[in-house]
> 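Just dropping this structure here.
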Amino acid sequence: MDFSGCASVKRANGTAYHPRETQVNSSSNLDDTSLYYFLEELALNPSGTDMKMFLIPPVVCLVAGVLIIPTILFVIFSRFRIRRETRYMLLGNALLSDLIYLLFYTLSAALNAARVHLPKEACVLLLFLLAVAYCGGLFTAAAIVLDTYIAILFPLRYIAILPPSRTKKIIVLLWMCSGAFPGIFFLVLSTTHSFVPCILEICSVPVILILTLNGSDALKLCFWLSTVVIFLCLSLIFCCYAVLYFKTKQSGIWESICSRATVTFLMHNTVLFFYFFPLLALFVESFLCINVATGLQTGIWVSLTVCSVLMILPKVLFPFLYGLRYREISASLKSIVRKKHLHLVSPAPSPS
């Protein structure tokens, strides 16, 4: 079936939206034609799903992120001693990934809210960069936990295990993996869907998920392999934190609930929870969508909520709850603020 020419199909079928919507939401056997009609109306019907409300959370989070993330990055890269340490290099990489993700996701949300239809190539590039930035932040978060594990359990061998030169290679490897997974996914998607050029005018992450879950077996395999990789990262992080807790339980650092170790541990777990809980919610909703337990329109709204709120939130919490916990970074920020304050209030020189 030829699915080219969205606009012409829309004009020819402009009055048939509501019957098709009812059919899509009530059908137990979703075929390609019903899926196409639903996504076509989502892309071209101005009175359909309103995207404007989903623009507010990304814009708010982007503003908050732009205020704090570049400042922490400046502190890391402007101090030679700080940027030579593994933990700060990984922290800077995670913050950079989060900032890129915030920028591109807000751009995508703004384009959808303004009903701007991008060319296929531009949309694929935007979604690819979004996926790379998100995977980069996810993999770097796992690397940060692994670095903390090595630093605490092997303090005497830490420098030998993770010198700065090796850390740079690890960061390059993380970015290569972050590009490889989305690259394979989009390659399989583009070769197995005949109507991707039309539907990609929406340029939305939930739409890509719907195409994936209703795609070929190879595409579904890529999706579930990505799920396995993500939950392997989650398992690695959980195991590292569990071992750290039991190994340091006898040291007495957990006796007080207000101790720095306890507060830091809780903050790190809070950030990681916000990183992985949206993915879990997205996978549960995807599983329900596959088994036709929820309608397509319901799935779109749930996916938009998860992507625009829950997946954006940890990008803003990470620099506040994680980055500012480092004494060197907070001390450097305080010194910068103090110098600016002294410069502003310094008295003018007396005339000679």
Side-chain angles (χ1 to χ4, degrees), residues 6-7 10 17 38-71 73 94-138 178-179 182 185-186 189-190 196-212 274-275 278-279 281-282 285 296-320:
C6 291
K10 168 65 178 70
Y17 171 68
F38 176 77
L39 295 178
E40 173 213 5
E41 293 296 341
L42 180 66
L44 297 171
N45 196 322
S47 62
T49 305
D50 192 1
M51 299 290 183
K52 294 181 181 179
M53 62 180 297
F54 293 103
L55 179 61
I56 299 175
V59 169
V60 173
C61 292
L62 177 63
V63 171
V66 167
L67 291 177
I68 186 63
I69 292 179
T71 306
L73 289 175
L95 292 175
L96 182 61
S97 301
D98 290 347
L99 184 60
I100 294 173
Y101 184 84
L102 285 172
L103 288 170
F104 284 117
Y105 190 87
T106 305
L107 175 62
S108 174
L111 292 174
N112 288 328
R115 297 284 176 177
V116 176
H117 292 168
L118 292 177
K120 173 191 172 183
E121 293 76 12
C123 181
V124 169
L125 179 61
L126 178 59
L127 293 174
F128 175 75
L129 292 175
L130 266 176
V132 170
Y134 194 86
C135 290
L138 203 64
S178 301
F185 178 82
F186 278 98
L189 179 63
S190 63
V196 166
C198 172
I199 301 305
L200 279 179
E201 289 183 359
I202 309 174
C203 206
S204 174
V205 176
V207 171
I208 296 297
L209 289 176
I210 286 180
L211 292 177
T212 302
F274 280 111
Y275 259 106
L279 294 175
L282 207 58
E285 189 276 328
L296 268 179
Q297 194 170 29
T298 302
I300 282 285
W301 279 97
V302 173
S303 298
L304 279 172
T305 303
V306 172
C307 294
S308 299
V309 180
L310 298 181
M311 294 181 74
I312 290 289
L313 192 59
K315 308 297 182 183
V316 179
L317 292 177
F318 187 81
F320 288 98

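Counting from 1, the numbers follow the sequence of the chain as shown.
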> Restricting to non-hydrogen atoms, name the atom on Val316 and the atom on Ala64 that form the minimum distance, rounded to 0.1 Å.
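Reported closest heavy-atom pair: CG1-CB, 3.8 Å.
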> If you take all heavy atoms of Pro57 and Val309, which pair is closest and at what distance?
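Minimum heavy-atom separation between Pro57 and Val309: CG-CG2, 3.9 Å.
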> Does the side chain of Thr305 come within less than 4.5 Å of Phe54's, by heavy atoms?
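Answer yes - side chains close enough.
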> Run the side chain to side chain contact (heavy atoms under 4.5 Å, CB included) test against Val66 and tell me which residues pass, sequence neighbours left out.
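Expected list: Leu62, Leu99.
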> What distance do Leu95 atom CG and Ile68 atom CD1 have between them, rounded to the nearest 0.5 Å?
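Answer rounded to 0.5 Å: 9.0 Å.
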> Tell me, please, which residues at least two apart from Tyr101 pass ring pair (Phe, Tyr, Trp, His ring centres under 6.0 Å).
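Ring pair (Phe, Tyr, Trp, His ring centres under 6.0 Å) check on Tyr101 returns Tyr105, Tyr134.
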> What closest approach, in Å, do Val132 and Pro182 show between heavy atoms, and which atom pair accounts for it?
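Nearest heavy atoms, Val132 then Pro182: N-CG, 4.0 Å.
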> Return the CD1 to CG distance between Ile100 and Leu130, rounded to the nearest 0.5 Å.
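Between Ile100 CD1 and Leu130 CG, I get 10.5 Å after rounding to 0.5 Å.
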> Taking all non-hydrogen atoms of both residues, which atom of Asp98 and which atom of Gly137 are closest, and how far apart?
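Closest approach of Asp98 to Gly137, heavy atoms only: OD1-CA, 4.3 Å.
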> To the closest 0.5 Å, what do you measure between CG (Leu313) and OG (Ser308)?
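Between Leu313 CG and Ser308 OG, I get 12.5 Å after rounding to 0.5 Å.
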> What is the distance from atom CG of Leu103 to atom OG of Ser108, rounded to the nearest 0.5 Å?
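Separation between the atoms: 12.5 Å.
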> Can you see which heavy atom on Pro58 is nearest to which on Ala109, and at what distance?
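Nearest heavy atoms, Pro58 then Ala109: CG-CB, 4.3 Å.
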> What distance separates Leu317 CG from Ile312 CD1, expressed to the nearest 0.5 Å?
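With rounding to 0.5 Å, CG (Leu317) is 11.5 Å from CD1 (Ile312).
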